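Beneath this line is the structure, given in structure tokens, with notes to follow.
Both backbone and side-chain heavy atoms feed into the values below; hydrogens, waters and symmetry mates do not. Everything numeric in this text was worked out from a predicted model, so none of it was measured.
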Amino acid sequence: MPRHIVCLTFDFDTQSGFIARGMTTPTPLSRGEFGAIAALRILDFLKTRGIKATWFIPGFTIESWPRECGAVVAGGHEVAHHSWAHVPPASQTREEEEADLVRANEAIARLTGRKARGYRSPSWDLSDHTIELLLAHGFQYDSSLMGADYLPYRARRGDVAKLGEPFRFGEQTRLIEMPISWSLDDYPHFEFVRTPATILASMQPARAVMQSWRDEFHYMKRTVDWGVLTYTMHPYVIGRGYRMLALEDMVDKLVEDGAVFMTMEDAAREAEQRLGRA
Ligand SMILES: [Zn+2]
């Protein structure tokens with residue numbers, strides 16, 4: 001019996017990403033602040049459709065926006081780990097990374113009563129230590145790598161990539177990788193960012209992006225009997241009115257197309273059963 005899973009995931013960054021990039025003047029901060037209004041809007045929508053989603057919430061957001069984070073928990077959604085301060089692990093020492101990991105997990109435990117099962121790195125850039133740290137801290141899955149599209153796989157540690165040498169594959173671990181893609185992330189499609197170093201001026205039509213996202217589901221259905229498709233969204237990005245309308249229509253069409261919606265934790269458990277014990 002074919003089974004095609006969709007995970008709606010929301011990275012509830014609020015102001016954390018702007019602060020991590022040093023953008024602490026009032027307007028960029030307010031841009032992140034809008035995520036709090038948008039999150040409640042998204043929660044209302046998910047409730048009307050009876051869909052449970054996964055919310056990757058930095059410790060910063062848990063401690064700055066307790067009412068909104070409480071609403072995520074009250075809605076029955078999964079709360080997963082997204083660092084405390086939204087600093088990419090690749091730019092931290094091992095000690096800094098572990099301290100941030102522990103601090104954020106404590107915030108999640110206070111919010112939900114249990115530590116996170118899943119992790120997604122800020123800005124999708126793992127360090128050489130991340131997989132090992134996630135295993136040491138009892139995580140079940142990661143969702144920061146791009147090595148597949150529809151089929152979760154086991155994350156490796158100790159890969160060696162050197163210029164002029166063949167790639168050396170590291171050891172496969174028990175950590176389940178739930179793959180992601182920038183193409184299935186709302187941020188690069190929609191956001192406008194201007195810093196001295198870069199200009200990102202996307203502003204794509206929402207319905208065109210959602211049509212591409214839906215096509216990705218159709219291709220999964222055509223090519224695999226069982227698979228997981230993960231969409232990554234940020235409340236302050238997807239929560240604008242015209243994007244919400246496009247998202248709502250896409251979700252309704254995916255339901256008609258037979259998508260099975262579930263949290264990433266549940267999808268990772270199903271993936272683990274299929275992959276067998278490590
Ligand atoms: Zn983020």
Side-chain angles (χ1 to χ4, degrees), residues 3-14 35 38-58 61 68-69 71-82 112 116-120 124 141-144 146 149-150 152 176-190 206-207 209-221 226-271:
R3 185 167 164 83
H4 299 102
I5 295 167
V6 169
C7 293
L8 299 180
T9 67
F10 297 92
D11 296 2
F12 192 12
D13 294 342
T14 59
L40 297 177
R41 204 172 265 182
I42 292 163
L43 288 169
D44 283 347
F45 164 64
L46 295 173
K47 191 174 179 185
T48 62
R49 302 307 193 271
I51 292 173
K52 301 295 182 219
T54 297
W55 291 67
F56 290 90
I57 313 185
T61 298
E68 288 73 11
C69 293
V72 171
V73 176
H77 303 286
E78 177 191 3
V79 174
H81 198 297
H82 193 44
T112 68
R117 279 77 66 208
Y119 174 81
R120 171 174 287 162
W124 283 335
Y141 71 88
D142 170 65
S143 182
S144 316
M146 311 181 184
D149 44 14
Y150 314 130
I176 304 293
E177 181 58 44
M178 305 296 283
I180 44 76
S181 163
W182 286 115
S183 64
L184 299 173
D185 181 323
D186 59 358
Y187 200 91
H189 292 297
F190 294 135
R207 288 180 192 274
V209 173
M210 294 299 130
Q211 181 61 50
S212 299
W213 284 14
R214 197 171 154 226
D215 281 347
E216 188 83 38
F217 180 79
H218 291 156
Y219 197 79
M220 172 169 79
K221 267 180 87 170
W226 181 95
V228 183
L229 187 60
T230 298
Y231 299 114
T232 299
M233 291 165 278
H234 301 75
Y236 74 81
V237 178
I238 201 73
R240 311 286 337 175
Y242 73 101
R243 294 177 189 152
M244 285 300 295
L245 286 179
L247 172 68
E248 291 172 18
D249 283 354
M250 182 192 76
V251 166
D252 289 341
K253 284 179 180 142
L254 289 177
V255 170
E256 286 168 22
D257 293 342
V260 179
F261 288 87
M262 64 173 71
T263 63
M264 197 157 254
E265 179 186 11
D266 288 344
R269 196 174 300 118
E270 228 177 278

Please report the closest heavy-atom contact between Ser143 and Met178, naming both atoms and the distance. OG-O, 3.0 Å

Full working for salt bridge (Lys or Arg N to Asp or Glu O under 4.0 Å) between Asp257 and Arg214: CA-CA 10 Å; Asp257 293 342; Arg214 197 171 154 226; 3.2 Å; yes

Closest contact, heavy atoms only, Val72 versus Val79: CG1-CG2, 4.0 Å

What do the steps show when you test Leu40 against Glu68 for side chain to side chain contact (heavy atoms under 4.5 Å, CB included), and what is the final call? CA-CA 7 Å; Leu40 297 177; Glu68 288 73 11; 4.2 Å; yes

Step by step, work out the salt bridge (Lys or Arg N to Asp or Glu O under 4.0 Å) result for Asp266 and Arg269. CA-CA 5 Å; Asp266 288 344; Arg269 196 174 300 118; 3.0 Å; yes

Over 60° means perpendicular and under 30° means parallel, so classify the ring planes of Tyr187 and Tyr236, tilted if in between. perpendicular

Looking at every heavy atom in both Cys69 and Thr61, which two are closest together, and how far apart are they? SG-O, 3.6 Å

Please determine whether side chain to side chain contact (heavy atoms under 4.5 Å, CB included) holds for the pair Phe10 and Ile57, giving the CA-CA distance in whole Å, both sets of side-chain angles, and the decisive distance to 0.1 Å. CA-CA 8 Å; Phe10 297 92; Ile57 313 185; over 6 Å; no

Test of understanding: with ring pair (Phe, Tyr, Trp, His ring centres under 6.0 Å), list the residues that count as partners of Phe12, not counting sequence neighbours. Trp55

Side-chain donor-acceptor contact under 3.5 Å, Thr9 with Thr230: no

Angle between ring planes, Phe217 versus His4, binned at 30° and 60°: parallel, tilted or perpendicular? perpendicular

State, to 0.1 Å, how close Arg120 and His82 come at their nearest heavy-atom pair, and which atoms those are. O-ND1, 2.8 Å

Mind checking the CE-CG spacing from Met250 to Leu245? Nearest 0.5 Å is all I need. 13.5 Å

Can you establish whether the number of heavy atoms outside Arg41 located under 6.0 Å from its atom CZ is more than 12? yes

Rounded to the nearest 0.5 Å, what separation is found between the CD1 atom of Ile176 and the CE atom of Met264? 12.0 Å

Between the NE2 atom in His77 and the CG atom in Leu46, the distance rounded to the nearest 0.5 Å is 5.0 Å

Side chains of Asp249 and Met210: closer than 4.5 Å at any heavy-atom pair? no

Distance col, row Met146:CE vs Glu177:CD, nearest 0.5 angstrom, shows 9.5 Å

Which heavy atom of Trp213 sits nearest to which heavy atom of Ser183, and what is that distance? NE1-O, 3.0 Å

Looking only at non-hydrogen atoms, find the nearest pair between Gly35 and Pro235 and report the distance. O-CB, 3.6 Å

Between Trp226 and Glu270, is any pair of side-chain heavy atoms under 4.5 Å apart? yes

What's the spacing between Phe56 CZ and Met233 CE if we round to 0.5 Å? 11.5 Å

